[in-house]
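The next block holds one structure in the form of structure tokens; read it before the comments.
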Amino acid sequence: MTTIASSRPRPEPLPDPRRPSLTITGPRTDTLDHVLTDEAMTFLTELHTRFSGRRHDLLLARQHRRDRISNGADPDFLPLTAHIRADTSWRVAGPGPGLEDRRVEITGPTDRKMTVNALNSGAKVWLADHEDAMSPTWENVLGGQQNLHDAIRGTIDFTSPEGKEYRVGSQTPTIVFRPRGWHLTEKHLQFTDRAGQQCASSASLVDAGLYLFHNAVELVERGSGPYLYLPKLEGHLEARLWDEVFRFTETYLGLRYGTIRATVLIETITAAFEMDEILYELRDHCAGLNAGRWDYIFSVIKNFRNRGPRWVLPDRADVKMTVPFMQAYTELLVATCHRRGAQAIGGMSAFIPNRRRPEVTERALAQVTADKQREVGQGFDGTWVAHPDLVPVARAVFDEALGERTDQRHRLREDVQVTAAQLLDIPSAGGGEPGAVTDAGVRANISVGVRYLEAWLRGSGAVALDDLMEDAATAEISRSQIWQWVAQGTVTAEGTRLTRARILQVLDEVVAGLPRDPQDRVEDAVDLFTQVALADQFPTFLTVPAYTQYLVERGDEG
């Protein structure tokens, strides 16, 4: 791999036992030497030295706020930042070159075959995902960086084990890379600070740092730019930290100030109350916001899990975008973005086509069309799809609405006046009403949760199950609903009281019906699902114990 720093040699630092360092603890892979070059490791060390302490403090503040909400304190718009919301003069930088038209974005992991398919999809943007759609095995983390490097330089191809060749066409989408969230670590790289304290590295700094270090200058030279999706933010101070990372990176790599552009996923209930502030903190590096619907639902369950039966949500299939609290969240997002000159990007419908079953495909196309028509009507500037066959469907809806325009930022949605009470109107979804939770809904959550985790443990982060595209976010909904239903003593429409014993009984029945093979990870998936769905204390993210217990490998590097 050609690295940016290879033509910009830096003086070797003098040996100093007090100097912070980053050490490779993971095993050797085919791409390790190409991705984790000495220059890249030096840059990652600088990022951790400057920003890892702040990251730790912000994660601690997250936990404190989550506990307050769980114990009865409602989130609200912040009084201390009211002046930012009231100031009508400021705007964000907006989209960079190649990011002006985002009417259809395809999402997916960065393995080599999926990279080629995404580049050939016909979408305007490819969300190259190292977060919810990627199982963060060491091989996937490093291999994804190599594939992105090759894709940006037009040198990527793929040949399947059966000999089928995949080549990239002449028209490819703009790449927007999504690193892992602030809460995740990369345990195959160990950071040692000035005091000699050792800890796992930040997955966010590793993912974003490697992508920017290896590709930022190349992207600019090719007429595009280094663009990122920022996941799982819970407030504006976390956005401020990202902005400081961008400022330092631009200086380090010799980039013009404001070259890096970020789109922030609003996928937590707390971030929904700070959209203006998040845009403000990132204003010189910000393209827009995205409505991350599935993680948003998960965040609602997580924060209100202990607040009583009226805060329970119904069957997952019935938590639609048209329920009042989801409608309020998306309306506020569009209005906030357009008032500040930012793009508002819609989310992903989980329905996917099945080329072997025409009736499934017909249903998927109808569902996705309706979903995108709703988003267009609200004023969104673009949307996500999870399958190449859905690109023409979404594009047709947005083409009709946009005409000659590239977006709808001219629609200021001045009619939207969303209150805190509307954002918190979770009971109106009806989950606390008799019959809102069904035996079938319980079984579906358990089945999806176990099967998804089994695939995730084998290295696949985006999995088609029951004609829906499942990723870590949808799996989080499935397991967290089980936890909340048991904690609140929910009774199903059929009269079944949901207890730990009942869930374990259904779990056994689901597992008994699964096809098995000697290489599967079903037992591990069952253990993991039981841990994250039935523990006495709610696990904040299922991916944290899953990664630590099952995906961390040790090598002799460093």
Side-chain angles (χ1 to χ4, degrees), residues 102-109 114 117-118 121-127 129 131-133 265 267 290-298 313-323 326-327 329-330 345-378 380 382-401 429 438 440-441 443-452 455-456 460-479 481:
R102 306 177 66 172
R103 66 189 68 197
V104 184
E105 303 189 356
I106 191 166
T107 74
M114 294 302 293
N117 286 342
S121 67
K124 291 290 186 179
V125 170
W126 172 37
L127 188 165
D129 197 5
E131 222 246 354
D132 281 342
L265 292 115
E267 50 190 353
N290 169 274
R293 61 179 74 176
W294 305 118
D295 267 306
Y296 192 82
I297 295 169
F298 165 52
L313 290 178
D315 282 356
R316 178 184 136 181
D318 293 329
V319 187
K320 303 181 186 298
M321 296 302 296
T322 52
V323 300
M326 294 298 287
Q327 181 93 3
Y329 143 68
T330 50
I345 308 301
M348 185 187 76
S349 172
F351 292 92
I352 54 173
N354 186 325
R355 293 170 182 172
R356 296 183 180 89
R357 298 177 61 193
E359 73 281 3
V360 170
T361 296
E362 183 179 358
R363 182 184 68 155
L365 298 185
Q367 292 281 355
V368 171
T369 297
D371 185 64
K372 303 318 166 190
Q373 288 172 338
R374 175 191 54 77
E375 289 180 330
V376 159
Q378 287 184 299
F380 279 97
T383 191
W384 284 5
V385 297
H387 192 285
D389 289 353
L390 297 176
V391 171
V393 178
R395 187 173 57 224
V397 174
F398 275 83
D399 284 350
E400 182 178 0
T438 68
R443 186 174 296 271
N445 278 8
I446 294 171
S447 177
V448 166
V450 169
R451 286 183 292 158
Y452 177 80
W456 191 91
S460 297
V463 187
L465 298 173
D466 304 329
D467 303 311
L468 299 174
M469 183 59 72
E470 304 286 350
D471 64 10
T474 56
E476 289 281 25
I477 298 173
S478 295
R479 68 93 182 181
Q481 282 197 306

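The basis for the numbers below is simple: all heavy atoms, side chains too, and nothing from hydrogens, waters or symmetry mates.
- Of all heavy-atom pairs spanning Lys124 and Arg102, the tightest one is CB-CA, 4.3 Å.
- Within the 4.5 Å cutoff, no side-chain heavy atoms of Asp129 are placed close to those of Thr107.
- Looking at residues two or more places apart in sequence or on another chain, you find a side chain to side chain donor-acceptor pair (under 3.5 Å) between Thr330 and Gln378.
- The stretch residues 358-370 participates, sequence neighbours left out, in these side-chain hydrogen bond (donor to acceptor under 3.5 Å, both in side chains) pairs: Arg357-Glu359.
- Asp295 places no side-chain N or O within donor-acceptor distance of the main-chain N or O of Ala473, the cut-off being under 3.5 Å.
- Contacts of Tyr329 classified as ring pair (Phe, Tyr, Trp, His ring centres under 6.0 Å), with partners at least two apart in sequence or in another chain: Tyr296.
- Taken to the nearest 0.5 Å, the OG atom of Ser460 stands 9.0 Å off from the OH atom of Tyr452.
- Annotation: side chain to side chain donor-acceptor pair (under 3.5 Å) contacts of Arg479 (sequence neighbours excluded): Glu476.
- Residues Val368 and Val393 approach most closely at CG1-CG1, 4.2 Å, considering heavy atoms.
- Not counting sequence neighbours, Ser349 has no partner by the side chain to side chain donor-acceptor pair (under 3.5 Å) test.
- Under the rule for a side-chain contact (heavy atoms from CB on, under 4.5 Å), the partners of Ala118 that lie at least two apart in sequence or sit in another chain are Ile106, Trp126.
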For Leu365 and Leu390, what are the C-alpha separation, side-chain angles and deciding distance, and is it a side chain to side chain contact (heavy atoms under 4.5 Å, CB included)?
CA-CA 7 Å; Leu365 298 185; Leu390 297 176; 3.7 Å; yes
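- Not one N or O on the side chain of Trp294 forms a donor-acceptor pair closer than 3.5 Å with the backbone of Gly347.
- Of all heavy-atom pairs between Ala394 and Thr383, the closest is CB-CG2, 3.9 Å.
- In this structure the side chain of Leu468 reaches within 4.5 angstrom of the side chain of Phe351, judged on heavy atoms.
- Atom CH2 of Trp384 and atom CG of Leu265 lie 4.5 Å apart (nearest 0.5 Å).
- Of the N and O atoms on the side chains of Thr438 and Asp315, at least one donor lies less than 3.5 Å from an acceptor on the other residue.
- Ile297 CD1 to Met321 CE: the interatomic distance, rounded to the nearest 0.5 Å, is 7.0 Å.
- Sorted by first then second residue, the salt bridge (Lys or Arg N to Asp or Glu O under 4.0 Å) pairs that include residues 383-396, not counting sequence neighbours, are Arg355-Asp389.
- For Asn117, the side-chain contact (heavy atoms from CB on, under 4.5 Å) partners are Lys113, Met114, Tyr166, not counting sequence neighbours.
- Between Val463 and Ala455, the closest heavy-atom pair is CG2-CB, 3.6 Å.
- Of all heavy-atom pairs spanning Ala386 and Met348, the tightest one is CB-SD, 3.2 Å.
- Summarising the geometry of Val323 relative to Asp318, their closest heavy-atom pair is CG1-O, 4.1 Å, with the distance given to 0.1 Å.
- In this structure, the side chain of Asp467 does not engage the main chain of Pro353 through any donor-acceptor pair within 3.5 Å.
- Legend: salt bridge (Lys or Arg N to Asp or Glu O under 4.0 Å) pairs involving residues 364-374, not counting sequence neighbours, sorted by first then second residue: Arg293-Asp371, Asp371-Arg374, Lys372-Glu375.
- The side-chain contact (heavy atoms from CB on, under 4.5 Å) check on Ala462 picks up Pro109, Ala133, Met469, with sequence neighbours excluded.
- We find the CG-CD distance between Asn445 and Gln481 to be 5.0 Å, quoted to the nearest 0.5 Å.
- Atoms CG and CD1, on Leu313 and Ile477 in that order, are 9.0 Å from each other to the nearest 0.5 Å.
- In this structure the side chain of Val448 reaches within 4.5 angstrom of the side chain of Arg316, judged on heavy atoms.
- Ser121 pairs by the side chain to side chain donor-acceptor pair (under 3.5 Å) definition with nothing, not counting sequence neighbours.
- Evaluation of the side-chain contact (heavy atoms from CB on, under 4.5 Å) rule for Ser447 yields Arg451, Val510 as partners, not counting sequence neighbours.
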